[in-house]
**Student:** 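My questions all concern the structure below.
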Amino acid sequence: MKSRMTSAVWVVVYVLLLLSLFTPLRLITSFFLIVPAAVLYALLPIRQFLLYIVGVAVVAVIASPVLLLSMIYFLIPGLLMGMAYKRKAPALQTLMTGTGVMVAMLLLLLLISTALFQFDLSGYIREIVNQLVAPLQDMTNNNPLTSINWTDQDTKEVADATVAMVPYALILTSFLMALITHVVTRPILTAAGMDVPKMKPAREWRMPRALIWYYLLAVLIEWIAYGSSGGWATIIAANLIPLINICFVIQTIGFFFFLTHVRRWNPAISFLLSALVLVIHPLRIIGIIDLAFPLREAITKSKR
(Lines give C-alpha, C1' and ligand atoms only; values in the text may rest on other atoms or scores of the structure.)
Protein backbone atom coordinates (compact mmCIF):
# COMPACT_ATOMS: atom_id res chain seq x y z
CA MET A 1 0.00 0.00 0.00
CA LYS A 2 2.83 2.37 0.91
CA SER A 3 4.54 1.65 -2.41
CA ARG A 4 1.35 2.41 -4.33
CA MET A 5 0.86 5.68 -2.46
CA THR A 6 4.46 6.70 -3.16
CA SER A 7 4.06 5.88 -6.85
CA ALA A 8 0.77 7.79 -7.04
CA VAL A 9 2.42 10.83 -5.45
CA TRP A 10 5.18 10.74 -8.04
CA VAL A 11 2.65 10.48 -10.85
CA VAL A 12 1.01 13.65 -9.52
CA VAL A 13 4.43 15.32 -9.28
CA TYR A 14 5.15 14.24 -12.87
CA VAL A 15 1.90 15.79 -14.12
CA LEU A 16 2.47 19.03 -12.19
CA LEU A 17 6.01 19.36 -13.56
CA LEU A 18 4.72 18.86 -17.10
CA LEU A 19 1.96 21.43 -16.61
CA SER A 20 4.52 23.88 -15.24
CA LEU A 21 6.02 24.05 -18.75
CA PHE A 22 3.10 26.37 -19.60
CA THR A 23 4.26 28.82 -16.91
CA PRO A 24 7.38 30.99 -16.41
CA LEU A 25 8.51 28.37 -13.88
CA ARG A 26 9.58 26.15 -16.76
CA LEU A 27 13.05 27.72 -16.64
CA ILE A 28 13.50 25.94 -13.30
CA THR A 29 11.15 22.95 -13.39
CA SER A 30 12.45 21.64 -16.72
CA PHE A 31 15.68 20.66 -14.95
CA PHE A 32 13.66 18.29 -12.71
CA LEU A 33 11.53 16.61 -15.39
CA ILE A 34 13.78 13.54 -15.62
CA VAL A 35 13.37 12.78 -11.90
CA PRO A 36 9.80 11.31 -11.82
CA ALA A 37 10.46 8.88 -14.69
CA ALA A 38 13.75 7.74 -13.13
CA VAL A 39 12.14 7.23 -9.71
CA LEU A 40 9.09 5.40 -11.05
CA TYR A 41 11.13 3.09 -13.29
CA ALA A 42 13.57 2.25 -10.50
CA LEU A 43 10.82 1.50 -7.95
CA LEU A 44 8.17 -0.24 -10.03
CA PRO A 45 7.90 -3.42 -12.10
CA ILE A 46 7.88 -2.68 -15.82
CA ARG A 47 4.15 -3.36 -16.32
CA GLN A 48 3.13 -1.11 -13.45
CA PHE A 49 5.56 1.56 -14.66
CA LEU A 50 4.03 1.49 -18.14
CA LEU A 51 0.54 1.73 -16.65
CA TYR A 52 1.43 4.88 -14.75
CA ILE A 53 3.23 6.38 -17.74
CA VAL A 54 0.19 5.80 -19.95
CA GLY A 55 -1.92 7.63 -17.35
CA VAL A 56 0.46 10.59 -17.38
CA ALA A 57 0.47 10.54 -21.19
CA VAL A 58 -3.34 10.71 -21.30
CA VAL A 59 -3.32 13.79 -19.06
CA ALA A 60 -0.59 15.34 -21.23
CA VAL A 61 -2.60 14.77 -24.43
CA ILE A 62 -5.71 16.29 -22.86
CA ALA A 63 -3.71 19.36 -21.79
CA SER A 64 -1.84 19.74 -25.09
CA PRO A 65 -0.26 17.46 -27.70
CA VAL A 66 2.92 19.52 -27.34
CA LEU A 67 3.02 18.48 -23.69
CA LEU A 68 3.03 14.84 -24.76
CA LEU A 69 6.10 15.46 -26.93
CA SER A 70 7.81 17.14 -23.98
CA MET A 71 6.95 14.16 -21.79
CA ILE A 72 8.44 11.69 -24.28
CA TYR A 73 11.52 13.86 -24.65
CA PHE A 74 12.31 13.76 -20.91
CA LEU A 75 11.00 10.22 -20.44
CA ILE A 76 13.82 8.61 -22.43
CA PRO A 77 16.75 9.83 -20.27
CA GLY A 78 14.65 9.19 -17.16
CA LEU A 79 14.01 5.62 -18.24
CA LEU A 80 17.68 4.93 -18.96
CA MET A 81 18.83 6.49 -15.69
CA GLY A 82 16.16 4.45 -13.90
CA MET A 83 17.59 1.33 -15.54
CA ALA A 84 21.02 2.28 -14.24
CA TYR A 85 19.66 2.70 -10.71
CA LYS A 86 17.87 -0.64 -10.90
CA ARG A 87 21.11 -2.34 -12.02
CA LYS A 88 23.00 -0.59 -9.19
CA ALA A 89 25.40 0.92 -11.72
CA PRO A 90 28.18 3.16 -10.33
CA ALA A 91 27.05 6.74 -9.77
CA LEU A 92 29.49 8.14 -12.35
CA GLN A 93 28.23 5.70 -14.98
CA THR A 94 24.65 6.74 -14.25
CA LEU A 95 25.61 10.40 -14.59
CA MET A 96 27.42 9.79 -17.88
CA THR A 97 24.43 7.79 -19.17
CA GLY A 98 22.05 10.64 -18.40
CA THR A 99 24.40 13.23 -19.87
CA GLY A 100 25.02 11.26 -23.06
CA VAL A 101 21.33 10.59 -23.64
CA MET A 102 20.43 14.24 -23.05
CA VAL A 103 23.10 15.39 -25.52
CA ALA A 104 21.77 12.90 -28.08
CA MET A 105 18.18 14.07 -27.48
CA LEU A 106 19.13 17.73 -27.86
CA LEU A 107 20.96 16.99 -31.11
CA LEU A 108 18.00 14.96 -32.37
CA LEU A 109 15.63 17.80 -31.50
CA LEU A 110 17.87 20.24 -33.34
CA LEU A 111 18.04 17.93 -36.36
CA ILE A 112 14.25 17.51 -36.50
CA SER A 113 13.69 21.24 -36.07
CA THR A 114 16.10 21.98 -38.90
CA ALA A 115 14.81 19.29 -41.27
CA LEU A 116 11.07 19.70 -40.75
CA PHE A 117 10.67 23.31 -39.70
CA GLN A 118 13.72 24.90 -41.38
CA PHE A 119 14.84 26.19 -37.99
CA ASP A 120 18.20 27.94 -38.29
CA LEU A 121 19.85 27.84 -34.87
CA SER A 122 22.86 29.81 -36.05
CA GLY A 123 20.69 32.55 -37.54
CA TYR A 124 18.48 32.63 -34.43
CA ILE A 125 21.49 33.06 -32.12
CA ARG A 126 22.93 35.80 -34.33
CA GLU A 127 19.62 37.63 -34.30
CA ILE A 128 19.47 37.46 -30.47
CA VAL A 129 23.06 38.71 -30.18
CA ASN A 130 22.32 41.60 -32.55
CA GLN A 131 19.28 42.60 -30.48
CA LEU A 132 21.27 42.49 -27.23
CA VAL A 133 24.29 44.34 -28.62
CA ALA A 134 22.36 47.06 -30.49
CA PRO A 135 21.73 49.25 -27.39
CA LEU A 136 25.39 48.92 -26.38
CA GLN A 137 26.51 49.89 -29.86
CA ASP A 138 24.24 52.96 -29.89
CA MET A 139 25.34 53.99 -26.41
CA THR A 140 29.09 53.75 -27.13
CA ASN A 141 29.05 55.21 -30.61
CA ASN A 142 26.86 58.19 -29.69
CA ASN A 143 28.60 58.99 -26.43
CA PRO A 144 31.37 61.63 -26.78
CA LEU A 145 32.69 60.74 -23.30
CA THR A 146 33.89 57.31 -24.36
CA SER A 147 36.53 56.31 -26.88
CA ILE A 148 34.93 52.92 -27.53
CA ASN A 149 33.77 52.46 -31.09
CA TRP A 150 31.66 49.32 -31.37
CA THR A 151 31.45 48.28 -35.01
CA ASP A 152 29.32 45.79 -36.89
CA GLN A 153 32.43 43.61 -37.19
CA ASP A 154 32.65 43.46 -33.37
CA THR A 155 29.02 42.34 -33.23
CA LYS A 156 29.71 39.69 -35.86
CA GLU A 157 32.68 38.36 -33.88
CA VAL A 158 30.57 38.13 -30.72
CA ALA A 159 27.85 36.30 -32.64
CA ASP A 160 30.38 33.91 -34.21
CA ALA A 161 31.89 33.14 -30.79
CA THR A 162 28.43 32.51 -29.33
CA VAL A 163 27.48 30.14 -32.14
CA ALA A 164 30.78 28.29 -31.73
CA MET A 165 30.02 27.72 -28.04
CA VAL A 166 26.72 25.94 -28.71
CA PRO A 167 28.16 22.39 -28.36
CA TYR A 168 29.77 23.35 -25.05
CA ALA A 169 26.46 24.75 -23.80
CA LEU A 170 24.61 21.58 -24.88
CA ILE A 171 27.03 19.32 -23.02
CA LEU A 172 27.09 21.49 -19.89
CA THR A 173 23.28 21.75 -19.80
CA SER A 174 22.91 17.99 -20.26
CA PHE A 175 25.39 17.27 -17.49
CA LEU A 176 23.65 19.74 -15.17
CA MET A 177 20.26 18.08 -15.77
CA ALA A 178 21.72 14.60 -15.16
CA LEU A 179 23.47 15.83 -12.01
CA ILE A 180 20.30 17.42 -10.61
CA THR A 181 18.40 14.22 -11.38
CA HIS A 182 20.96 12.11 -9.52
CA VAL A 183 21.18 14.47 -6.53
CA VAL A 184 17.37 14.42 -6.13
CA THR A 185 16.69 10.80 -7.09
CA ARG A 186 19.32 8.97 -5.04
CA PRO A 187 18.03 10.06 -1.58
CA ILE A 188 14.47 9.23 -2.67
CA LEU A 189 15.41 5.71 -3.77
CA THR A 190 17.56 5.19 -0.68
CA ALA A 191 14.65 6.22 1.55
CA ALA A 192 12.49 3.71 -0.36
CA GLY A 193 14.91 0.90 0.59
CA MET A 194 16.99 0.69 -2.59
CA ASP A 195 20.76 0.33 -2.38
CA VAL A 196 21.90 3.07 -4.77
CA PRO A 197 25.68 3.59 -5.17
CA LYS A 198 26.77 7.07 -4.20
CA MET A 199 29.45 9.25 -5.69
CA LYS A 200 32.99 8.77 -4.48
CA PRO A 201 34.11 11.20 -1.75
CA ALA A 202 35.48 14.44 -3.19
CA ARG A 203 38.97 13.54 -1.97
CA GLU A 204 38.97 10.58 -4.41
CA TRP A 205 38.02 12.62 -7.47
CA ARG A 206 40.70 12.11 -10.11
CA MET A 207 40.59 12.66 -13.83
CA PRO A 208 42.40 10.37 -16.33
CA ARG A 209 46.02 11.45 -16.84
CA ALA A 210 45.40 11.37 -20.61
CA LEU A 211 43.49 14.63 -20.08
CA ILE A 212 46.84 16.43 -20.18
CA TRP A 213 47.40 15.22 -23.75
CA TYR A 214 43.87 16.19 -24.74
CA TYR A 215 44.55 19.67 -23.38
CA LEU A 216 47.79 19.97 -25.36
CA LEU A 217 45.93 18.81 -28.46
CA ALA A 218 43.21 21.41 -27.85
CA VAL A 219 45.83 24.15 -27.44
CA LEU A 220 47.46 23.01 -30.70
CA ILE A 221 44.10 23.16 -32.48
CA GLU A 222 43.49 26.63 -31.02
CA TRP A 223 46.89 27.74 -32.29
CA ILE A 224 46.04 26.39 -35.76
CA ALA A 225 42.68 28.17 -35.66
CA TYR A 226 44.20 31.46 -34.45
CA GLY A 227 43.42 34.25 -36.85
CA SER A 228 41.05 32.15 -38.94
CA SER A 229 37.43 33.16 -39.38
CA GLY A 230 35.30 30.25 -38.22
CA GLY A 231 35.82 26.69 -39.42
CA TRP A 232 35.91 23.35 -37.65
CA ALA A 233 39.20 24.07 -35.83
CA THR A 234 37.78 27.22 -34.23
CA ILE A 235 34.62 25.42 -33.10
CA ILE A 236 36.57 22.48 -31.64
CA ALA A 237 38.96 24.76 -29.76
CA ALA A 238 36.15 26.98 -28.47
CA ASN A 239 34.35 23.98 -26.96
CA LEU A 240 37.08 21.50 -26.06
CA ILE A 241 39.26 23.83 -23.97
CA PRO A 242 36.44 25.04 -21.64
CA LEU A 243 35.30 21.44 -21.10
CA ILE A 244 38.83 20.33 -20.23
CA ASN A 245 39.25 23.33 -17.94
CA ILE A 246 36.14 22.20 -16.05
CA CYS A 247 37.83 18.80 -15.58
CA PHE A 248 40.94 20.56 -14.23
CA VAL A 249 38.76 22.51 -11.78
CA ILE A 250 37.21 19.22 -10.58
CA GLN A 251 40.70 17.73 -10.20
CA THR A 252 41.82 20.76 -8.17
CA ILE A 253 38.79 20.54 -5.89
CA GLY A 254 39.49 16.83 -5.38
CA PHE A 255 43.09 17.64 -4.49
CA PHE A 256 42.05 20.23 -1.89
CA PHE A 257 39.66 17.77 -0.24
CA PHE A 258 42.43 15.13 -0.29
CA LEU A 259 44.91 17.56 1.26
CA THR A 260 42.59 18.60 4.10
CA HIS A 261 41.73 14.93 4.74
CA VAL A 262 45.38 13.82 4.91
CA ARG A 263 46.48 16.80 7.00
CA ARG A 264 43.35 16.51 9.16
CA TRP A 265 42.50 20.14 8.73
CA ASN A 266 39.08 21.59 9.41
CA PRO A 267 36.73 20.35 6.62
CA ALA A 268 35.54 23.92 6.13
CA ILE A 269 38.95 24.74 4.65
CA SER A 270 38.36 22.38 1.72
CA PHE A 271 35.05 24.07 0.91
CA LEU A 272 36.67 27.51 1.15
CA LEU A 273 39.52 26.50 -1.18
CA SER A 274 37.04 24.92 -3.60
CA ALA A 275 35.04 28.15 -3.70
CA LEU A 276 38.24 30.05 -4.49
CA VAL A 277 38.92 27.70 -7.44
CA LEU A 278 35.48 28.48 -8.86
CA VAL A 279 36.15 32.21 -8.56
CA ILE A 280 39.88 32.37 -9.36
CA HIS A 281 40.17 30.23 -12.48
CA PRO A 282 44.00 30.22 -12.74
CA LEU A 283 44.05 28.08 -9.57
CA ARG A 284 43.15 25.12 -11.78
CA ILE A 285 46.88 24.90 -12.49
CA ILE A 286 47.02 22.94 -9.22
CA GLY A 287 44.79 20.31 -10.79
CA ILE A 288 47.04 20.16 -13.86
CA ILE A 289 50.10 19.63 -11.63
CA ASP A 290 48.21 17.00 -9.64
CA LEU A 291 47.44 15.17 -12.88
CA ALA A 292 50.88 15.45 -14.41
CA PHE A 293 52.86 14.51 -11.29
CA PRO A 294 52.24 12.11 -8.35
CA LEU A 295 51.45 15.02 -6.04
CA ARG A 296 49.04 13.14 -3.78
CA GLU A 297 51.44 10.23 -3.39
CA ALA A 298 54.19 12.65 -2.37
CA ILE A 299 51.94 14.23 0.25
CA THR A 300 50.98 10.80 1.59
CA LYS A 301 54.65 9.77 1.87
CA SER A 302 55.60 12.99 3.62
CA LYS A 303 52.74 12.45 6.05
CA ARG A 304 54.14 9.06 6.96
Side-chain angles (χ1 to χ4, degrees), residues 31 89-100 102-103 161-162 164-183 186 197-226 233-304:
F31 283 92
L92 183 60
Q93 181 181 334
T94 304
L95 270 179
M96 292 301 101
T97 298
T99 302
M102 280 304 302
V103 170
T162 305
M165 292 296 290
V166 167
Y168 171 74
L170 292 180
I171 295 172
L172 196 60
T173 301
S174 300
F175 176 75
L176 183 59
M177 294 189 73
L179 180 62
I180 290 174
T181 300
H182 180 73
V183 169
R186 185 182 176 276
K198 61 181 180 180
M199 291 286 289
K200 290 182 178 180
R203 64 178 181 271
E204 297 181 17
W205 291 355
R206 300 189 79 166
M207 295 291 137
R209 187 162 292 181
L211 196 66
I212 295 290
W213 298 107
Y214 296 149
Y215 181 70
L216 294 175
L217 177 61
V219 171
L220 177 62
I221 294 174
E222 185 180 41
W223 179 76
I224 294 173
Y226 180 76
T234 304
I235 294 175
I236 291 176
N239 290 275
L240 188 57
I241 290 180
L243 287 173
I244 294 177
N245 283 334
I246 290 175
C247 294
F248 288 148
V249 168
I250 294 173
Q251 179 79 17
T252 305
I253 291 173
F255 173 77
F256 284 146
F257 273 89
F258 173 83
L259 182 63
T260 54
H261 175 74
V262 171
R263 299 297 182 183
R264 296 183 180 179
W265 294 342
N266 190 314
I269 295 177
S270 57
F271 288 98
L272 177 61
L273 292 173
S274 300
L276 287 177
V277 175
L278 297 176
V279 176
I280 308 173
H281 293 167
L283 284 176
R284 65 177 179 268
I285 188 67
I286 298 174
I288 299 175
I289 296 172
D290 185 37
L291 263 181
F293 304 100
L295 197 56
R296 302 191 193 194
E297 289 76 5
I299 292 174
T300 305
K301 288 180 181 179
S302 66
K303 179 66 176 176
R304 292 174 184 172

**Student:** Leu217: which residues meet the side chain to side chain contact (heavy atoms under 4.5 Å, CB included) condition with it, sequence neighbours left out?
**Tutor:** Ile221
**Student:** If you define the side chain from C-beta out and look only at heavy atoms, does anything of Ile246 sit under 4.5 Å from Leu172?
**Tutor:** yes
**Student:** How close do Ala91 and Pro197 get, heavy atom to heavy atom, and via which atoms?
**Tutor:** CB-O, 3.8 Å
**Student:** Not counting sequence neighbours, which residues clear ring pair (Phe, Tyr, Trp, His ring centres under 6.0 Å) with Phe258? List them please.
**Tutor:** none
**Student:** Should Val103 and Leu170 count as side-chain neighbours, where that means a heavy-atom distance under 4.5 Å?
**Tutor:** no
**Student:** If you take all heavy atoms of Ile171 and Thr99, which pair is closest and at what distance?
**Tutor:** O-CG2, 4.2 Å
**Student:** Sequence neighbours left out, what passes side chain to side chain contact (heavy atoms under 4.5 Å, CB included) with Ala89? Give chain and number order.
**Tutor:** Ala84, Arg87, Gln93, Thr94
**Student:** If you define the side chain from C-beta out and look only at heavy atoms, does anything of Arg263 sit under 4.5 Å from Ile299?
**Tutor:** yes
**Student:** Could you list all the salt bridge (Lys or Arg N to Asp or Glu O under 4.0 Å) pairs where at least one residue sits in residues 274-294, not counting sequence neighbours?
**Tutor:** Asp290-Arg296
**Student:** Side-chain donor-acceptor contacts of residues 206-214 below 3.5 Å, not counting sequence neighbours, with atom names and distances?
**Tutor:**
{"residue": "Arg206", "atom": "NH1", "partner": "Glu297", "partner atom": "OE2", "Å": "3.3"}
{"residue": "Arg209", "atom": "NE", "partner": "Leu291", "partner atom": "O", "Å": "2.8"}

**Student:** Using the test ring pair (Phe, Tyr, Trp, His ring centres under 6.0 Å), find all partners of Phe257 that sit at least two apart in sequence or belong to another chain.
**Tutor:** Phe271
**Student:** Could you list all the side chain to side chain donor-acceptor pair (under 3.5 Å) pairs where at least one residue sits in residues 169-182, not counting sequence neighbours?
**Tutor:** Tyr85-His182
**Student:** What are the two closest non-hydrogen atoms of Gln251 and Trp205, and how far apart are they?
**Tutor:** OE1-O, 4.2 Å
**Student:** Taking side chain to side chain contact (heavy atoms under 4.5 Å, CB included) as the definition, give me every residue that meets it alongside Pro201, ordered by chain and number, with sequence neighbours left out.
**Tutor:** Arg203, Glu204
**Student:** What residues form a side chain to side chain contact (heavy atoms under 4.5 Å, CB included) with Leu273, not counting sequence neighbours?
**Tutor:** Phe256, Ile269, Leu276
**Student:** Output every pair passing salt bridge (Lys or Arg N to Asp or Glu O under 4.0 Å) with a member in residues 170-179, not counting sequence neighbours, ordered by first then second residue.
**Tutor:** none
**Student:** Report yes if some heavy atom in the side chain of Ile285 is under 4.5 Å from a heavy atom in the side chain of Phe248; otherwise report no.
**Tutor:** no
